[in-house]
Amino acid sequence: MRAQVGAAALAAVSLAACGGESSPPPPPTTPAPKVLRIVFPEGFTRAQMVERVGAVRDIARVKRKVAMRMTAPAYAAATAASPIPVQFREDAHEQIEGFLFPATYAFFSNERAERFVRLQLAAFRKAWRRVDMRYARSKNLTPYDVLIIASMIEREVVVPSERRLVAAVVYNRLRAGMPLQIDATLRYGLQIPPTEPITKSHLASDSPYNTRIHPGLTPTPIANPGLASMRAAAHPASVDYIYFVRKPDCRSHFFTASAAEFDAYTREGLQC
């Protein structure tokens, strides 16, 4: 009898050792999300931001072996569906361009696109609170008008000290009823790459973004401006300039109030 009990116990131990009665292995743990970063330079358009999201996702996958949840199509959809900040809704007509604040953002790899866009809009609202609108209002400009002007500044200016000068040209031309004649608006409206020249057919386009022929501001911003350009657009320099053209250094501009001086100035900078 003892031999039978001993044999049974030995069999039970042997069975347990083989895994017959062991508890199941724990489920695999989900890797902790990684912190990623994305840079949206000042003056990026929504389309460029969509492209940048895709590029960062590829870099995260290839170089860091990290699966980034947010995709370029998801970001595009989230920006298209996001509500406009309240004080702009009457003028903006649900167009998100201009409100996607450009900055360097840190986010988790499992971040949803909708939440990421909310971060951008929150950053915009925080920045806009630092814009003094008193001067612009005295010129009968709305907050959305100022945002549109800021986007033009962002696409035209490389040298920071010129922001308020370009803003002054815009204000002066609006006051005089002159077309703004800013090529960056035409490039945006017709999606002309910066590497391609603007042609005569482009200049003849009836696009509402063709400020060569249409007076006033464009229907929407043409980029997403940073705080410095917003502030410049709200309070331009006190100068009488109505013309500017790029200098041969390909960075700065020549400004003047004289049509003769403008016409006589070299156009070498236009080849940049």
Side-chain angles (χ1 to χ4, degrees), residues 42-43 88 91-92 97-98 128 130-190 198 202-270 272:
E42 296 173 342
F88 295 90
D91 296 327
E97 193 81 272
W128 188 259
R130 299 173 63 187
V131 178
D132 185 347
M133 280 290 298
R134 288 176 294 179
Y135 181 83
R137 287 196 187 99
S138 75
K139 303 302 180 183
N140 298 316
L141 294 177
T142 68
Y144 197 54
D145 291 336
V146 169
L147 188 63
I148 292 172
I149 295 170
S151 74
M152 295 178 183
I153 294 169
E154 207 68 87
R155 297 297 286 186
E156 287 287 327
V157 170
V158 175
V159 179
S161 61
E162 292 187 350
R163 287 190 176 104
R164 294 184 66 212
L165 297 178
V166 170
V169 171
V170 173
Y171 273 65
N172 293 340
R173 281 182 166 260
L174 289 174
R175 185 175 63 250
M178 301 173 64
L180 299 183
Q181 297 186 324
I182 293 178
D183 288 345
T185 65
L186 187 59
R187 287 188 179 278
Y188 177 84
L190 299 183
I198 293 176
H202 292 146
L203 295 175
S205 167
D206 195 40
S207 165
Y209 292 89
N210 186 356
T211 54
R212 290 288 192 107
I213 60 176
H214 295 299
L217 298 173
T218 51
T220 70
I222 62 169
N224 295 280
L227 178 58
S229 289
M230 292 178 188
R231 284 176 158 174
H235 201 280
S238 182
V239 293
D240 61 355
Y241 300 148
I242 55 175
Y243 302 100
F244 68 96
V245 64
R246 186 179 290 128
K247 293 180 179 179
D249 66 4
C250 297
R251 288 177 52 83
S252 57
H253 292 86
F254 169 74
F255 293 86
T256 181
S258 166
E261 288 183 358
F262 174 73
D263 291 339
Y265 193 80
T266 178
R267 293 301 192 264
E268 290 180 15
L270 299 183
C272 297

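Residue numbers count from 1 along this sequence. Computed over heavy atoms, backbone and side chain alike; hydrogens, waters and symmetry mates excluded.
Val169 places none of its side-chain heavy atoms less than 4.5 Å from the side chain of Leu180. Here the side chains of Lys247 and Tyr265 are in contact, with some heavy-atom distance below 4.5 Å.
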Verdict with reasoning, Ile153 to Glu162, per side-chain contact (heavy atoms from CB on, under 4.5 Å): CA-CA 9 Å; Ile153 294 169; Glu162 292 187 350; over 6 Å; no

Apply side chain to side chain donor-acceptor pair (under 3.5 Å) to the pair Thr220 and Tyr209, showing each step before the final yes or no. CA-CA 9 Å; Thr220 70; Tyr209 292 89; 2.6 Å; yes

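The OG atom of Ser207 sits 13.5 Å away from the CZ atom of Arg212 when rounded to the nearest 0.5 Å. To the nearest 0.5 Å, atom CG of residue Leu227 and atom CH2 of residue Trp128 are 10.0 Å apart. Note: Lys139 NZ to Asp145 CG = 14.5 Å, rounded to the nearest 0.5 Å. For the atom pair Leu174 CG and Ile149 CD1, the distance stands at 5.5 Å (nearest 0.5 Å).
The pair Arg155-Glu97 does not count as a salt bridge, with every side-chain nitrogen at least 4.0 angstrom from each carboxylate oxygen. Using a 4.0 Å cut-off between charged nitrogen and carboxylate oxygen, Arg251 and Asp249 do not count as a salt-bridge pair.
Considering all non-hydrogen atoms of both residues, Pro221 and Tyr144 come closest at CD-OH, 3.1 Å.
One N or O on the side chain of Arg173 and one on the backbone of Pro179 form a donor-acceptor pair closer than 3.5 Å.
In this structure, a donor-acceptor pair under 3.5 Å is present between the side chains of Thr211 and Thr185.
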